[in-house]
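Right, one structure below, let's go through it.
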Number of protein chains: 2
Amino acid sequence: MKKVGEPAPKVRLLRAAAALLAESNGEPVSTRQITQAARVTAPTLYHHFGDKEGLFDAVVAEGFSEYLDAERSLPTSGQPIEDLRMHWDNHVQFGLDHPHLYLVMFGNIQPERRPSMVASAEAFLEEVLGRAAAAARLVVSPHEAARSMLAANIGVTLMLIAEPAAKRNLELSAMTREAVISAVATDSEADPTTDTEGTPSVVVAAIALNAALQSSHPDQLSSSELKLFLEWLQRISSRSAS
Amino acid sequence: MKKVGEPAPKVRLLRAAAALLAESNGEPVSTRQITQAARVTAPTLYHHFGDKEGLFDAVVAEGFSEYLDAERSLPTSGQPIEDLRMHWDNHVQFGLDHPHLYLVMFGNIQPERRPSMVASAEAFLEEVLGRAAAAARLVVSPHEAARSMLAANIGVTLMLIAEPAAKRNLELSAMTREAVISAVATDSEADPTTDTEGTPSVVVAAIALNAALQSSHPDQLSSSELKLFLEWLQRISSRSAS
DNA sequence: GTAGCACCTATAGCACCGTTATATGAACTG
DNA sequence: CAGTTCATATAACGGTGCTATAGGTGCTAC
């Protein structure tokens with residue numbers, strides 16, 4: 001029987017390691033710090049996890065399962081393309097919420113080391129894309145689409161993590177998201193052969209107009225009108241889910 | 001007793017560190033290994049680089065300068081969009097050639113740590129995109145286009161590095177490359193209405209947004225807001241800005 | 001020359017790290 | 001109760017990043 005008030009040493013080790021890794025800004029965390037924070041001595045760590053790396057792997061595995069749980073619990077809107085946007089945004093948000101964990105999960109992947117978890121994430125995204133394919137909205141195979149989207153998603157998230165939180169510009173995410181989605185799927189429900197090249201997505205166009213307006217202000221709108229216009233433009237550009 | 005044909009200890013340390021880092025598959029490399037390989041004792045390392053991290057930073061800095069040299073020495077084809085493809089592929093190739101270095105350079109970026117080098121890479125890409133913008137082939141500002149392209153480029157390269165060399169599928173790169181480029185630029189010849197150098201004109205962007213809004217209406221704006229928004233958009237589109 | 005003076009390198013050692021051989025306690029099984 | 005197994009603790013080993021101190025080395029000034 002476990003005591004209710006206090007978690008088992010194994011759990012305390014996991015939590016202490018996760019907490020210390022999250023706090024200490026990427027600098028290495030010693031086993032002594034961890035065991036002390038978990039109020040446990042060294043051999044306990046090695047009894048449960050075999051290794052320092054084993055403990056860290058367990059932390060990463062928990063991070064992945066948390067991420068996958070969040071992904072799986074996202075509702076299905078019925079519009080496959082909209083679902084893609086939701087999952088993309090959820091991925092980015094997870095990275096920004098757990099930056100250090102994310103760096104280990106997606107930024108540090110060694111060849112032949114831990115493809116299993118990333119493969120799971122990829123497989124899940126492929127599943128979502130399978131639904132888009134079933135709705136005849138995909139122009140490439142779900143497998144390739146998933147790889148491309150995940151790659152871009154990771155790149156964007158890493159770049160957002162790397163820059164100071166205050167300066168983060170989520171338009172980078174929205175813009176790249178629309179770029180990849182529009183290359184992989186077709187927006188219109190109708191005939192998939194109709195090309196979408198002539199009309200770029202609303203979000204990209206809104207971002208472009210927003211950027212253009214920064215350098216030259218049109219004289220067709222009064223300043224108050226322009227202010228409201230820019231606000232609406234911002235709303236269209238960011239299109240934050242929820 | 002100094003041999004003339006032999007590089008200085010500082011250079012030997014740099015080369016030994018780079019070589020050992022490239023060989024030992026991501027596992028940590030000790031200062032003792034490095035100093036022994038460079039046939040030098042510990043204090044020499046600390047005299048020249050102050051720190052183990054200082055030495056590694058120097059290795060990374062050399063990697064970056066090698067990368068930037070390669071980028072800068074790429075010929076200019078005269079077709080800006082084609083240049084973008086070339087630089088994208090060069091980036092990927094660099095990553096596949098120096099996987100461990102690349103992981104440190106682009107996969108491990110800590111917030112507030114070393115943005116200067118990545119910023120240089122971004123600035124250079126922005127420069128290339130500036131030429132595309134000057135040819136009126138850009139739909140968004142060079143700055144945002146550079147960020148988006150670089151993010152996707154990094155994500156793709158990391159994913160390619162992570163999988164076994166035999167199984168690497170470069171179509172992932174080509175596909176994502178075209179996705180980002182086509183979202184950021186237009187393949188067709190220049191539109192004469194474009195006037196500004198860095199960013200496309202407000203009018204062009206407004207027309208694009210107007211067209212995009214015809215096919216899909218955003219749910220961020222109420223119908224009454226949208227009506228007014230479209231009217232203003234029409235006004236901006238009708239005449240060129242001051 | 002040689003005295004002074006920066007520079008660069010070596011000897012030897014510190015404090016810390018990950019890890020483990022060994023031992024002790026607790027909990028269940030018969 | 002004895003036997004077995006699991007979980008934790010004591011104490012220590014070799015390796016690591018790093019440095020206080022001291023010793024060459026090549027220069028310029030006299």
Side-chain angles (χ1 to χ4, degrees), chain A residues 1-62 100-101 103-104 108 110 113-114, chain B residues 1-62 100-101 103-104 108 110 113-114:
Chain A
M1 284 302 188
K2 301 172 188 175
K3 296 177 183 177
V4 189
E6 197 173 42
K10 184 171 181 177
V11 178
R12 279 186 311 197
L13 277 170
L14 262 179
R15 292 192 185 160
L20 287 176
L21 276 181
E23 291 167 20
S24 89
N25 255 15
E27 280 110 57
V29 179
S30 72
T31 58
R32 282 170 171 81
Q33 284 178 263
I34 298 173
T35 54
Q36 188 173 342
R39 299 192 315 286
V40 153
T41 51
T44 307
L45 191 162
Y46 294 90
H47 174 71
H48 286 293
F49 300 97
D51 219 344
K52 183 189 187 182
E53 196 182 318
L55 171 58
F56 284 4
D57 283 355
V59 171
V60 171
E62 254 205 356
H100 304 97
L101 189 58
L103 279 179
V104 182
N108 253 337
Q110 313 289 355
R113 276 271 334 258
R114 39 172 145 250
Chain B
M1 302 273 282
K2 182 180 171 186
K3 299 174 185 177
V4 273
E6 198 172 43
K10 184 170 181 179
V11 179
R12 280 183 308 188
L13 276 170
L14 262 178
R15 294 193 183 158
L20 288 175
L21 275 181
E23 291 167 20
S24 86
N25 255 16
E27 279 109 56
V29 179
S30 72
T31 58
R32 281 170 172 82
Q33 283 179 262
I34 297 173
T35 55
Q36 188 174 343
R39 298 191 317 285
V40 150
T41 50
T44 306
L45 192 161
Y46 294 92
H47 173 71
H48 286 293
F49 300 98
D51 218 345
K52 181 190 187 181
E53 196 181 318
L55 172 58
F56 285 3
D57 283 355
V59 171
V60 171
E62 256 206 355
H100 304 98
L101 189 59
L103 279 179
V104 182
N108 253 337
Q110 313 288 357
R113 275 270 335 260
R114 38 173 147 249

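From a predicted model like this one, the values you see are computed outputs, not experimental measurements. So you know, we letter chains A, B, ... as the sequences are listed, proteins then strands, and number each from 1.
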Begin from the C-alpha positions of B/K52 and B/T31 and carry the test side chain to side chain contact (heavy atoms under 4.5 Å, CB included) through to its verdict. CA-CA 7 Å; B/K52 181 190 187 181; B/T31 58; 3.9 Å; yes
Gap between atoms CD and P, on A/Q36 and D/dA9 respectively (whole Å): 13 Å
Starting from C1' on C/dT19, measure out to CG on A/L13 and report it in whole angstrom. 15 Å
Atom-pair distance (NZ on B/K10; P on C/dC7), nearest Å: 13 Å
Over all atoms of both residues, closest heavy-atom pair of A/V40 and A/R12: CG2-NH2, 3.6 Å
Closer than 3.5 angstrom, by distance alone: can the side chain of B/Q33 be matched with the main-chain N or O of B/S30 as a donor-acceptor pair? yes
By side chain to side chain contact (heavy atoms under 4.5 Å, CB included), A/A18 pairs with (sequence neighbours left out) A/V59
C/dG18 C1' sits how many Å from B/E27 CD, rounded? 15 Å
Send over the distance from A/H48 NE2 to D/dA9 C1', rounded to a whole Å. 13 Å
Could you check if a side-chain atom of A/H100 sits within less than 4.5 angstrom of a side-chain atom of A/N25, using non-hydrogen atoms only? yes
Between B/H47 and C/dT9, is there a contact of a side-chain N or O with OP1 or OP2 at under 4.0 Å? no
If you compare every side-chain N and O of A/T41 against the phosphate oxygens of D/dT10 (OP1, OP2), does one of them come in below 4.0 Å? no
Side chain proximity check, A/T44 to A/T35, heavy atoms < 4.5 angstrom: no
Please enumerate all protein N or O atoms sitting under 3.5 Å from an N or O of nucleotides 16-19 of chain D, with distances to 0.1 Å.
from   : atom 1 : to    : atom 2 : distance (Å)
D/dG17 : OP1    : B/V29 : O      : 3.4
D/dG17 : OP1    : B/T31 : N      : 3.1
D/dG17 : OP1    : B/K52 : NZ     : 2.6
D/dG17 : OP2    : B/T31 : N      : 2.5
D/dG17 : OP2    : B/T31 : OG1    : 2.6
D/dG17 : N7     : B/R32 : NH1    : 2.8
D/dG17 : O6     : B/R32 : NH2    : 3.2
D/dC18 : OP1    : B/D51 : OD1    : 2.5
D/dC18 : OP2    : B/Y46 : OH     : 3.3
D/dC18 : OP2    : B/D51 : OD1    : 3.4
D/dC18 : OP2    : B/K52 : N      : 2.8

Have a look at B/P9 and say if it touches a base, only the backbone sugar-phosphate, or nothing, with a 4.0 Å heavy-atom cut-off. sugar-phosphate
